[in-house]
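See structure below.
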Number of protein chains: 2
Amino acid sequence: MEIQGLPGRLLDELGPAIASGEIPEGAVLRGEELEERFGVSRTVVREAVRILEGMRLVASRRRVGITVQPRSLWDVFDPLVIRWRLAGADRSAQLRSLGSLRVAVEPAAAALAAVHASDDDRRELGSLAVELTVSARAADLTTFLRHDIDFHATVLRASGNEMFAHLGDTVGAVLTGRTEYHLMPHQPEPYAIRLHREVADAICAGDAAQAEQAMRTIVAGALEELNQQLG
Amino acid sequence: MEIQGLPGRLLDELGPAIASGEIPEGAVLRGEELEERFGVSRTVVREAVRILEGMRLVASRRRVGITVQPRSLWDVFDPLVIRWRLAGADRSAQLRSLGSLRVAVEPAAAALAAVHASDDDRRELGSLAVELTVSARAADLTTFLRHDIDFHATVLRASGNEMFAHLGDTVGAVLTGRTEYHLMPHQPEPYAIRLHREVADAICAGDAAQAEQAMRTIVAGALEELNQQLG
DNA sequence: ACAGCTCAAAAGTATGACGATTTGGTTTCC
DNA sequence: GGAAACCAAATCGTCATACTTTTGAGCTGT
């Protein structure tokens with residue numbers, strides 16, 4: 001999953017620094033400066049910069065240097081960029097954006113899943129809904145989180161749309177972030193649990209409309225809750 | 001927008017070849033082989049490969065080589081990956097995926113735009129709707145396409161959600177692809193034009209529900225049409 | 001003030017050397 | 001004969017260095 005080697009380590013330093021705004025838009029870095037600052041060779045710096053360039057976080061120009069691009073050009077769907085922004089000063093903006101994205105995508109994915117899910121997918125959703133209920137009753141937040149992530153990822157995957165499926169990890173990151181930063185009730189709400197059960201049942205029954213509606217209620221609720229917490 | 005220099009040229013060769021499946025999943029390349037095949041140095045090959053690695057199209061391992069990753073790991077939201085897939089053998093699958101994504105996202109974006117659009121945005125939407133009507137009547141497909149792309153990009157941008165905004169280029173690529181590959185009626189349908197007008201009016205009037213509904217009709221229609229064309 | 005020229009700074013590319021790691025075969029020891 | 005330990009080759013990873021190309025800024029002369 002991660003980028004390997006020294007360029008990866010450099011990325012772990014530069015990426016978060018840029019994503020958080022610590023290195024602001026328009027800032028100019030020089031390759032040589034980075035070599036010294038991190039004690040690595042030209043090769044390593046260049047490869048790391050190339051990757052950042054691929055994410056549109058920076059652009060490298062001769063005679064000028066490596067300039068941090070305006071935020072509007074960043075590849076906001078890149079999983080690493082999302083992770084970096086979630087970890088830094090941009091956290092709330094990123095959570096809001098992702099919240100709206102979830103409201104748009106997850107209901108549609110649930111509807112598609114009701115039509116396209118395999119038998120295995122349906123079985124898994126059923127058992128995840130059960131485990132979700134159990135860990136919620138036990139107030140076991142860690143286990144609950146894991147199952148919640150699995151649940152949403154499974155729905156997205158079961159939709160049969162590769163692009164939706166890829167948002168599984170991103171949604172996972174959102175849920176993790178929400179839990180880590182205590183933007184969640186300490187005990188999952190019974191109402192939300194019931195809705196997950198409903199989504200699973202509707203998908204198993206092939207009822208697209210109900211799956212979509214129940215999922216919409218879940219993600220819209222999560223977004224509303226988020227907006228309250230963040231003001 | 002593009003990656004510069006020799007690594008960029010290499011990317012333009014390798015990326016499409018991998019995205020189209022010409023170089024299949026699991027295939028193994030050696031750096032030295034690529035140097036010879038393209039007549040460039042290690043530096044260039046390594047940087048190109050790093051970028052592909054950032055897109056999760058390949059993984060590089062010692063003593064093994066550069067292996068093409070399974071499609072399920074690819075960064076399907078990366079604009080370059082999308083473009084490469086649209087240009088190659090994966091075109092229909094990619095168009096289908098993007099079609100569903102549009103059905104999920106664009107109505108939500110229209111609803112948000114009705115609330116958040118700036119005065120400039122609203123003005124621009126109004127005039128784009130007019131120009132759309134004009135170029136459609138004139139059966140000027142090139143101009144129509146340009147305005148259509150602008151229209152959808154403007155709605156996405158006006159939503160105020162950076163992630164939606166970023167899908168503007170992608171939607172543009174879809175519309176372009178659809179026109180290029182003659183997956184579109186030679187004269188835009190008057191019904192679709194009226195719907196664009198409706199979206200613009202609803203957003204200008206701040207009517208989120210109607211903006212969402214009209215946009216949903218547009219993109220759902222486009223998806224249905226696509227499914228008919230592709231069987 | 002303006003146009004053009006010159007120069008130097010920075011990234012881009014090439015190359016040789018060495019290090020690190022993984023794989024797969026080979027040897028060795030029960 | 002089989003299993004474990006070992007070794008060697010293949011390949012990427014990193015470093016150091018030299019050369020090339022682009023381009024911005026300042027200088028120069030009108």
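Just so we're on the same page: letters track the sequence lines, and every chain starts at 1. Note that these values count all heavy atoms, side chains included, but never hydrogens, waters or copies made by symmetry.
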Would you call [X] and [Y] a salt bridge, taking side-chain N to carboxylate O under 4.0 Å as the test?
X: R91(B); Y: E180(B); answer: no
X: D90(B); Y: R71(B); answer: yes
X: R50(B); Y: E53(B); answer: yes
X: R9(B); Y: D12(B); answer: no

**OP:** Take nucleotides 11-17 of chain D nucleotide by nucleotide from the 5' end and write B, S or -, depending on whether a protein heavy atom sits under 4.0 Å from the base, only from the sugar-phosphate, or from neither.
**Re:** BBSBB--
**OP:** Using a 4.5 Å cut-off on heavy atoms from C-beta on, say whether the side chain of V76(B) contacts that of I82(B).
**Re:**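 In short, these two side chains do not touch, never coming nearer than 4.5 Å.
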